[in-house]
There are 2 protein chains.
Amino acid sequence: MKTPEKMLELHNLKKTGHRLMILTILKESDRFLSADDLYMKMKEEDENISLSTVYRILETFVLKSIVSAVNVEFSKKVLYELAHEAHGHRLICTNCHKVVYVEDCPVHNFEDAISEEYDFDIKRHKLDFYGLCSECKAELSS
Amino acid sequence: MKTPEKMLELHNLKKTGHRLMILTILKESDRFLSADDLYMKMKEEDENISLSTVYRILETFVLKSIVSAVNVEFSKKVLYELAHEAHGHRLICTNCHKVVYVEDCPVHNFEDAISEEYDFDIKRHKLDFYGLCSECKAELSS
DNA sequence: ATGCAAATGCAAATGGTTCGCATTTGTGTT
DNA sequence: AACACAAATGCGAACCATTTGCATTTGCAT
Ligand SMILES: [Mn+2]
Ligand SMILES: [Mn+2]
Ligand SMILES: [Zn+2]
Ligand SMILES: [Zn+2]
């Protein structure tokens, strides 16, 4: 995976401390983060940061496809993750909200069949799995 | 599919004009509707209706699983649809937002495989397809 | 018909997100 | 290294979907 610096260079974005910090935090996170999650983590290191800046940086990143905005049922805020290059799907833990990526896709063949059956020109699909990660599974069964 | 009256009876909910109207509108709609969409449609027939009542009715219905709340990328409002009894998936037109249901599910076998591979206890999945419905496909190609 | 919990209307409050504007900063150019 | 200027930022106010408090009305069991 590219470094935060490279990501900014690649998209002709100015390298600011805040942008780099947001990319770094997202990169190291194993779950989705809200603008406010990021804002609070950033405050721990840099007193001088504004929530609207976080929103504006995220907006820019989403526009450039560096970051994806995600809507999950367990939060009414928009959450963010580093965008994934390859097509894949997610395992989302309903308990701790950790996210694991799966590269395989069981759907593509099926797509052609329903495209035909419903006369629908399918462009893409969204598939996520919900359940308990191994840690939460162990913890909750004890 | 049950009648609006039956749905309310089944869940011990008082039969009010507004509740019946919301169920009827949702039943007849071929796409998701926001609280405000419903509010405006209801105003056409009944001057005296409040948006907060619409929200409260929807909240009750979602709690009883009569209605599902849906988050779609093309709207930042929460949208609603009549809940579906059987497990299935949706074809969502990115142009006109019409929704078509597919009963088949290509994912269930796959679930066992990844459950094992990732030591994740998968409880359910969410799969939607996005593309163009037959009408929009025809319209946009002309 | 009566009583009371549940449902409603209305206005105000909330909370996440966006915007306006004055100030600062990154970076290409001298 | 200083300069110039567009882009980025901080701060507060605005925005908009949704929720809530409260007084009033309504559905329905008795
Ligand atoms: Mn796929
Ligand atoms: Mn399925
Ligand atoms: Zn977990
Ligand atoms: Zn369409």
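Chain letters run A, B, ... following the sequence lines, proteins first, then strands; residues in each count from 1.
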Over how many whole Å does the gap from [X] atom [atom1] to [N] atom [atom2] extend?
X        : N       : atom1 : atom2 : value
Lys77(B) : dT19(D) : NZ    : P     : 14 Å
Leu20(B) : dT26(D) : CG    : P     : 16 Å
Ile22(A) : dT9(D)  : CD1   : P     : 8 Å
Leu51(B) : dA7(C)  : CG    : P     : 18 Å
Tyr39(A) : dT17(C) : OH    : C1'   : 14 Å
Tyr80(B) : dA17(D) : OH    : P     : 12 Å
Phe61(A) : dA8(D)  : CZ    : P     : 10 Å
Asn71(A) : dG16(C) : CG    : C1'   : 12 Å

Out of [options], which has the shortest distance to the side chain of [X]?
X        : options                   : result
Ser52(A) : dC19(C), dT19(D), dC10(C) : dC19(C)
Ser50(B) : dG16(C), dG9(C), dT27(C)  : dG9(C)
Ile57(B) : dC28(D), dT8(C), dT18(D)  : dT8(C)
Ile49(A) : dT8(C), dG10(D), dA7(D)   : dG10(D)
Lys14(A) : dA6(D), dA17(D), dA7(C)   : dA6(D)

Report summary line: Taking a pair to mean Watson-Crick or G-U wobble geometry with both distances below 3.5 Å, dT25(D) pairs with dA6(C)

Query raised in the report: If we call it a pair only when both distances are under 3.5 Å in a Watson-Crick or G-U wobble match, what pairs with dA1(D)?
Result: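 Base partner found: dT30(C).
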
Requested in this report: Specify the residue among Val54(A) and Leu13(B) whose closest nucleotide of DNA chain D lies further upstream toward the 5′ end.
Outcome: Val54(A)

**Report entry** Nearest-nucleotide comparison on DNA chain C, the residue closer to the 5′ end among Lys76(B) and His18(B)
**Finding:**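 Between the two, 5'-proximity favours His18(B).
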
Requested in this report: Could you check Asn12(B) against Ala35(A) and say which one's nearest nucleotide on DNA chain C is further toward the 5' end?
Outcome: Asn12(B)

Query raised in the report: Just to confirm, is there a sub-4.0 Å distance from OP1 or OP2 of dT17(C) to any side-chain nitrogen or oxygen of Tyr55(A)?
Result: yes

**Report entry** N/O (side chain, Thr16(A)) to phosphate O (OP1/OP2, dA7(D)) under 4.0 Å
**Finding:** no

Report task. Name the nucleic acid region contacted by Asn48(A), choosing base, sugar-phosphate or nothing; use a 4.0 angstrom heavy-atom cut-off, strictly under. Result ->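 Counting heavy atoms under 4.0 Å across all strands, the contact made by Asn48(A) is with sugar-phosphate only.
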
Query raised in the report: When all nucleic acid strands are considered with a 4.0 Å heavy-atom cut-off, which category describes Arg56(A): base, sugar-phosphate, or nothing?
Result: base

Query raised in the report: Without hydrogens or angle criteria, can the side chains of Ser34(A) and Asp37(A) be said to hold a donor-acceptor pair below 3.5 Å?
Result: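 Yes - a donor-acceptor pair under 3.5 Å links their side chains.
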
Report task. Tell me whether Met42(B) is reachable from Met7(B) by hopping between hydrophobic residues (I, L, V, M, F, W, Y) whose side-chain heavy atoms are closer than 4.5 Å. Result ->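 Linked within one cluster.
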
Requested in this report: Report yes or no: do Leu26(B) and Met1(B) belong to one cluster of Ile/Leu/Val/Met/Phe/Trp/Tyr joined by side chain heavy-atom distances under 4.5 Å?
Outcome: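 In one cluster with Leu26(B): Met1(B), yes.
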
**Report entry** Interatomic distance, Leu140(B) atom CG to Asn95(B) atom CG [nearest 0.5 angstrom]
**Finding:**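 That separation rounds to 4.5 Å.
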
Query raised in the report: With a cut-off of 6.0 Å (strictly less than), are more than 12 heavy atoms of other residues, nucleotides or ligands near NZ of Lys41(A)?
Result: no

Report task. Over 60° means perpendicular and under 30° means parallel, so classify the ring planes of His125(A) and His89(A), tilted if in between. Result ->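 Correct class here is parallel.
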
